[in-house]
Amino acid sequence: MGAGKSRIGHRLASELGLPFVDTDQRIVAGHGPIPEIFARDGEHEFRRIEREAVAAAIREQAVVALGGGAVLHPDTRTDLETLQAVTVVLLRVDADAVEARLAGGGRPLLEQGGIERWTQILAEREPVYTALADIDVDTSRRPVARIVEDITGRLGASE
Ligand SMILES: Nc1ncnc2c1ncn2[C@@H]1O[C@H](COP(=O)(O)OP(=O)(O)O)[C@@H](O)[C@H]1O
Ligand SMILES: O=C(O)C1=C[C@@H](OP(=O)(O)O)[C@@H](O)[C@H](O)C1
Ligand SMILES: [Mg+2]
């Protein structure tokens with residue numbers, strides 16, 4: 001949450017001339033705002049809906065921004081490990097840099113606990129993120145254009 005997946009993904013897609021898919025946007029289009037899904041149906045149901053969106057999106061020829069918790073679903077972890085056409089880009093950010101980026105809200109898991117909760121969630125997920133990543137990029141103190149350039153360069157190198 002707040003690493004820049006949605007923003008960087010959008011910019012990367014236009015650089016690469018590919019469609020951009022944000023799975024959270026698709027979820028919102030089909031089911032309404034994410035905080036409302038969490039409040040009404042709970043996180044488990046959100047993860048079920050998210051898995052449907054993710055399973056479809058990562059089979060498209062596109063740049064896909066996942067939600068930070070998408071890898072909690074075991075089928076998504078398996079897909080990201082085994083789908084040959086998929087390159088997983090991990091965007092990292094540290095707590096100091098992310099605090100301002102989270103100011104807009106809309107992330108129900110951070111409604112209570114703020115940056116401390118963010119740090120705790122990252123600690124839980126970090127080993128999974130690291131294991132799945134093909135390309136690993138720090139976004140903390142770099143402008144979007146520079147991060148995108150870094151990713152496109154590394155994509156070229158990994159071909
Ligand atoms: N490299 C960056 N530097 C400064 N702000 C950024 C950067 N990348 C993203 N942001 C901003 O941080 C906020 C969270 O970015 P977002 O793309 O929604 O993250 P994510 O999808 O990983 O949760 C947005 O307001 C976005 O414009
Ligand atoms: O990390 C998470 O569990 C979540 C991250 C959010 O997406 P971003 O990572 O794009 O903020 C969104 O999917 C939802 O609020 C849950
Ligand atoms: Mg996002």
Side-chain angles (χ1 to χ4, degrees), residues 1-93 98 101-102 104-111 117-139 144 147-148 150-159:
M1 289 175 273
K5 298 179 298 298
S6 299
R7 181 155 166 207
I8 303 279
H10 188 267
R11 184 84 163 258
L12 179 65
S14 58
E15 284 293 323
L16 296 174
L18 287 169
F20 173 63
V21 180
D22 188 313
T23 53
D24 282 334
Q25 283 177 8
R26 285 202 175 162
I27 292 166
V28 171
H31 303 269
I34 290 173
E36 286 182 25
I37 302 172
F38 269 73
R40 187 183 59 232
D41 306 319
E43 181 174 353
H44 189 265
E45 176 61 7
F46 175 78
R47 298 298 173 202
R48 192 192 66 72
I49 295 166
E50 180 179 48
R51 169 60 193 161
E52 287 178 0
V54 169
I58 61 179
R59 288 170 172 79
E60 296 171 31
Q61 191 168 355
V63 174
V64 179
L66 301 179
V71 298
L72 296 176
H73 200 294
D75 294 347
T76 293
R77 292 198 297 275
T78 301
D79 277 348
L80 295 177
E81 280 162 4
T82 59
L83 289 173
Q84 292 296 312
V86 170
T87 302
V88 178
V89 181
L90 168 59
L91 301 184
R92 293 187 185 271
V93 65
V98 88
R101 297 190 198 175
L102 297 173
R107 294 177 173 91
L109 292 179
L110 302 179
E111 251 165 45
R117 182 75 189 117
W118 179 92
T119 303
Q120 184 183 29
I121 290 171
L122 176 60
E124 288 163 13
R125 295 176 181 171
E126 206 270 342
V128 178
Y129 291 153
T130 301
L132 290 170
D134 297 306
I135 294 172
D136 197 324
V137 180
D138 185 54
T139 75
V144 170
I147 297 162
V148 169
D150 189 357
I151 297 168
T152 54
R154 295 214 227 166
L155 284 170
S158 70
E159 270 166 15

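Quantities reported herein were computed from a predicted structural model and do not represent experimental measurements.
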Are any of the side-chain heavy atoms of [X] and [Y] separated by less than 4.5 Å?
| X | Y | answer |
| --- | --- | --- |
| Ile151 | Leu91 | yes |
| His10 | Val144 | no |
| Arg59 | Asp79 | yes |
| Arg48 | Asp41 | no |
| Leu109 | Phe46 | no |
| Leu80 | Leu66 | yes |
| Glu43 | Leu72 | yes |
| Leu12 | Thr152 | yes |

Taking all heavy atoms of [X] and all of [Y], pick out the closest pair and write down the distance.
| X | Y | value |
| --- | --- | --- |
| Val93 | Ala3 | CG1-CA, 3.7 Å |
| Gly2 | Val98 | O-CG2, 3.6 Å |
| Ser6 | Phe20 | O-CZ, 3.4 Å |
| Val21 | Ala57 | CG1-CB, 3.9 Å |
| Arg101 | Arg107 | O-NH1, 4.3 Å |
| Ala13 | Pro19 | CB-O, 3.9 Å |

Next item on the list: Flag the pair Arg77 and Glu81 as a salt bridge only when some basic side-chain nitrogen lies within less than 4.0 angstrom of an acidic carboxylate oxygen.
Entry: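 The answer is no: the pair does not qualify as a salt bridge.
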Note to self: Checking Val54 against His73 for the side-chain contact (heavy atoms from CB on, under 4.5 Å) test, could you report, in this order, the C-alpha distance in whole Å, the side-chain angles of both residues, the deciding distance, and whether it holds?
What the structure shows: CA-CA 10 Å; Val54 169; His73 200 294; over 6 Å; no
How long is the span from the [atom1] atom in [X] to the [atom2] atom in [Y], to the nearest 0.5 Å?
| X | Y | atom1 | atom2 | value |
| --- | --- | --- | --- | --- |
| Leu110 | Gln120 | CG | CD | 10.5 Å |
| Glu15 | Ile8 | CD | CD1 | 11.0 Å |
| Ile135 | Leu155 | CD1 | CG | 4.0 Å |
| Ile49 | His31 | CD1 | NE2 | 4.5 Å |
| Arg11 | Leu16 | CZ | CG | 12.5 Å |
| Arg47 | Ile37 | CZ | CD1 | 11.0 Å |

Is the backbone of [Y] close enough, under 3.5 Å, to the side chain of [X] for a donor and an acceptor to pair up by distance?
| X | Y | result |
| --- | --- | --- |
| Arg154 | Asp136 | yes |
| Thr130 | Pro127 | no |
| Arg125 | Gly68 | yes |

Next item on the list: Would you tell me whether Asp134 and Thr87 have side-chain atoms, one donor and one acceptor, within less than 3.5 Å of each other?
Entry: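 Judged by distance alone, the side chains do not pair up.
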Next item on the list: Return yes if a side-chain donor-acceptor contact under 3.5 Å exists between Arg7 and Thr139, otherwise no.
Entry: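 Their side chains do not contain a donor-acceptor pair, so the 3.5 Å distance test is not met.
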Next item on the list: Inspect the surroundings of CD in Glu124 and state if more than 12 heavy atoms from other residues, nucleotides or ligands are less than 6.0 Å away.
Entry: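 Atom CD in Glu124 is crowded, with more than 12 foreign heavy atoms closer than 6.0 Å.
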